[in-house]
There are 2 protein chains.
Amino acid sequence: MGRSPDSRPDRSDESGRDRPRATGAVRLSDVAAAAGVASMTVSRALNQPELVSERTRERVQRAVIETGYVPNRVAGALASSRSRMVAVLVPTVAHSLFADVVQSITDALSVNGYQVLLGLTGYQTQDEATVVETVLSRRPDAVVVAGTRHSQATRARLKAARVPVVEIWDMSDDPLDMLIGFSHHAVGRAVADYLLGCGYRRFGQAMADDPRSHERAEGFNDRIMEAQQARPHDGIDVITRWAEIPATLVGGRTAAAAVLLDMPDCEAIVCSSDTLAMGVIAEAQSRAMVVPQTLAVMGFGDMSFAAATWPALSTVRIDGAEIGRLTATHLLNRFDGGEPDSDSDIIDIGFEIVPRQTTLSGAS
Amino acid sequence: MGRSPDSRPDRSDESGRDRPRATGAVRLSDVAAAAGVASMTVSRALNQPELVSERTRERVQRAVIETGYVPNRVAGALASSRSRMVAVLVPTVAHSLFADVVQSITDALSVNGYQVLLGLTGYQTQDEATVVETVLSRRPDAVVVAGTRHSQATRARLKAARVPVVEIWDMSDDPLDMLIGFSHHAVGRAVADYLLGCGYRRFGQAMADDPRSHERAEGFNDRIMEAQQARPHDGIDVITRWAEIPATLVGGRTAAAAVLLDMPDCEAIVCSSDTLAMGVIAEAQSRAMVVPQTLAVMGFGDMSFAAATWPALSTVRIDGAEIGRLTATHLLNRFDGGEPDSDSDIIDIGFEIVPRQTTLSGAS
DNA sequence: CAAAATGATGTTAGCGCTATCATTGCGCGA
DNA sequence: TCGCGCAATGATAGCGCTAACATCATTTTG
């Protein structure tokens, strides 16, 4: 045959490489030449060392150092259809709750040689669809995505990708695959329960206008309505005002002002984040309202500053790092051949009400 | 020839694909078959649409939708040696300063089709070397790395990678390539200057034990020593105590306690982060010391809570988002063929002292 | 002691895309 | 009318690696 099927000779004997250097980088075959073995043997020595004799392994290791070889995992991923990348899609990392999750996923996965491809979806559903398509084009071995409310297109794409998917930071009856989060609705109910228990009756909500805050607000309102029906003459009531995202102190002040305008006798304001809560406190102080005696404030997130402010902020704690750890564990299990199992693949990690000084915990 | 050199037929006419589906995913050639054109034409229609006639472009677009094609950029990256990924290496994202930078780099790059590969280096130099090697194996088109103090191995690897490198969050006389940051030493001096101007004489430092905090402490001490020499009888003095990383409130309290043990008449404590500063304030309040009358406190970072605490925290503001934006702009310029230019490729974005209520700004 | 099993290494054939060059068709000026 | 330039498209040959199978030398086994 004039043209041998081996159109790309890969002489691995000492006579050396002969394909002209295409990219300037050291390739597997260069290491192979230096070690006097075949490329495949180098590949094995690096990726499945147990299959290679000790003598060869050492020679290869020496050759790797000598040549300064850095594997090209792009090529490796293409050849093996395993990219060893996990896409993590969150609305933002400039928000310590999601940042904690990203941090702990990254930490846990990196130990096992996986890397994180970061996708920031913003708070708009249509952005999510674009980001999902973009990250899927990298053929990640798994996708972690915040939230359970996705567009039909997003769901279809994620399913078509045929990779493990973990939805986090939320609960749902109908997860795509794995689900590790908590119920925002339950948070709202629990907060209402707690504040009713403290004896408050007239509530404002200062909530960021994102889907998960909506759900917490809904849970809160549900519980309040139950209380209204149980005790119709107690004057229990709630109004909700929405703040722009991202949540800022100023947004909190504005929302608090709106609440106090429409409900001047409001006793407690519930916020969708600790940051908004700080703004609410600032607004209260600027009106010479005393927190919590005149106005109670409840945050969400238990960010690092919540315990340190004065008065210390009552809030709801979510263990984001735990979500990240569990996510990593479950993914590694799947990569390791573990089968989907709807029992253990849906985890509600719950939450914790943290009463501090911005709410009066007097018995009702 | 029995074996045509085209060992992988890619019939693009309507008769259809014939390589058996290897991975189950839709390939470029499937789209080509559906559109009745060659693979290459589809590739062009997607990546360089201006080279394709409008009629063809539309047919391809229809075929893409019809087949549900998601490009495989792993293959694309291998073929073109351009991955359209930028590696971003920071110590942590669970810290709003770095999170802001990551957020703004990601935002700015994603508009141009680039994605961020996240590498968390921790605060240890040896970890950095490993992370650098790992991310370089993905052949990113650029590397963004926090800090300028790298091991020799790291520097060598980054240089060998022959990609643009941006060092951020720091200043140096000897950058690897581009540099966008500020001088920690100058921050330390400026803080000392400011506090001396406020009339304080006896200083403690509660600093996290990381390289950049060390540099700020050094700058602070340098300025203090100058003041001592200028006014030897004023009793100007400073002691420094180190807190563990990550910086926490408790770390701040502990460091403050250590300072106050060794220098009971300390007038002002300078911290390497706002979080530590909150801890210092907490410790002061627990000792019934009044901030700022008995003890002044200075933070670093101007995190979201700094303005909202009581008393509001005096601190140093760094515009992390601006670092991210500039980084993205400079990288995109390079990708676009821009040449290195040592004048514009080294940017000191400076910082800002933000006096609030934890320091007495009385004239000295 | 032949046959089968095992361990170590090598060979081949792609993974799905794009750089590059080749080909085709068409308009246009001399 | 002929060729030239240009625009549009196609064919070919890899990018650097690994899955899968092939080979060969030992070792084990009945």
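In what follows, every chain begins at residue 1, and chains take the letters A, B, ... in the order their sequences are listed.
Taking 4.0 angstrom as the limit, A/S29 places none of its side-chain polar atoms (N or O) nearer than this to OP1 or OP2 of D/dG16. In this model, the phosphate group of D/dC17 is not approached by any side-chain N or O of A/S39 to a distance below 4.0 Å at OP1 or OP2.
Here the side chain of B/R57 pairs a donor or acceptor atom with the backbone of B/P49 at under 3.5 angstrom.
Contacts with DNA chain C (heavy atom under 4.0 Å) in residues 68-86 of chain A: A/L78, A/A79, listed by number.
For the pair A/L46 CG and D/dC17 P, the computed distance is 10 Å after rounding to whole Å. When rounded to the nearest whole Å, the span between CG of A/L51 and P of C/dT6 equals 15 Å. The distance between atom CZ of A/R57 and atom P of C/dT9, rounded to the nearest whole Å, is 10 Å. Here C/dA8 presents its C1' atom at 12 Å from CZ of A/R55, a figure rounded to the nearest Å. Atom P of nucleotide D/dC17 and atom CD of A/Q48 are separated by 15 Å, given to the nearest angstrom. Taking atom CE of B/M40 as the reference point, atom C1' of C/dC21 lies 11 Å away to the nearest angstrom.
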side-chain contact (heavy atoms from CB on, under 4.5 Å) between A/N112 and A/F335, worked out: CA-CA 11 Å; A/N112 294 273; A/F335 296 153; over 6 Å; no
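Between B/R139 and B/T41, the one whose closest nucleotide on DNA chain D sits nearer the 5' end is B/T41.
Evaluation of atom-type donor-acceptor distances gives a pair under 3.5 Å for the side chain of B/R44 against the base of D/dG10.
In this structure, the side chain to side chain contact (heavy atoms under 4.5 Å, CB included) partners of B/A146, at least two apart in sequence or on a different chain, are B/V90, B/P91, B/F98, B/I168.
For B/L28, counting side-chain heavy atoms from C-beta on, the closest listed nucleotide (C/dT18, D/dT9, C/dG10) is C/dT18. Distance from the side chain of A/S53 is smallest for C/dT9 among the nucleotides C/dT18, C/dT9, D/dA11.
Exactly one residue among A/V132, A/V145, A/L176 makes a side-chain contact (heavy atoms from CB on, under 4.5 Å) with A/T154. That residue is A/V132.
Counting heavy atoms from C-beta outward, B/M85 and A/L117 have side chains that approach closer than 4.5 Å.
Between B/A129 and B/S151, the shortest heavy-atom contact is CB-OG, 4.2 Å.
Screening residues 82-93 of chain A for side-chain hydrogen bond (donor to acceptor under 3.5 Å, both in side chains), with sequence neighbours left out, gives A/S83-A/D141, A/T92-B/Q103.
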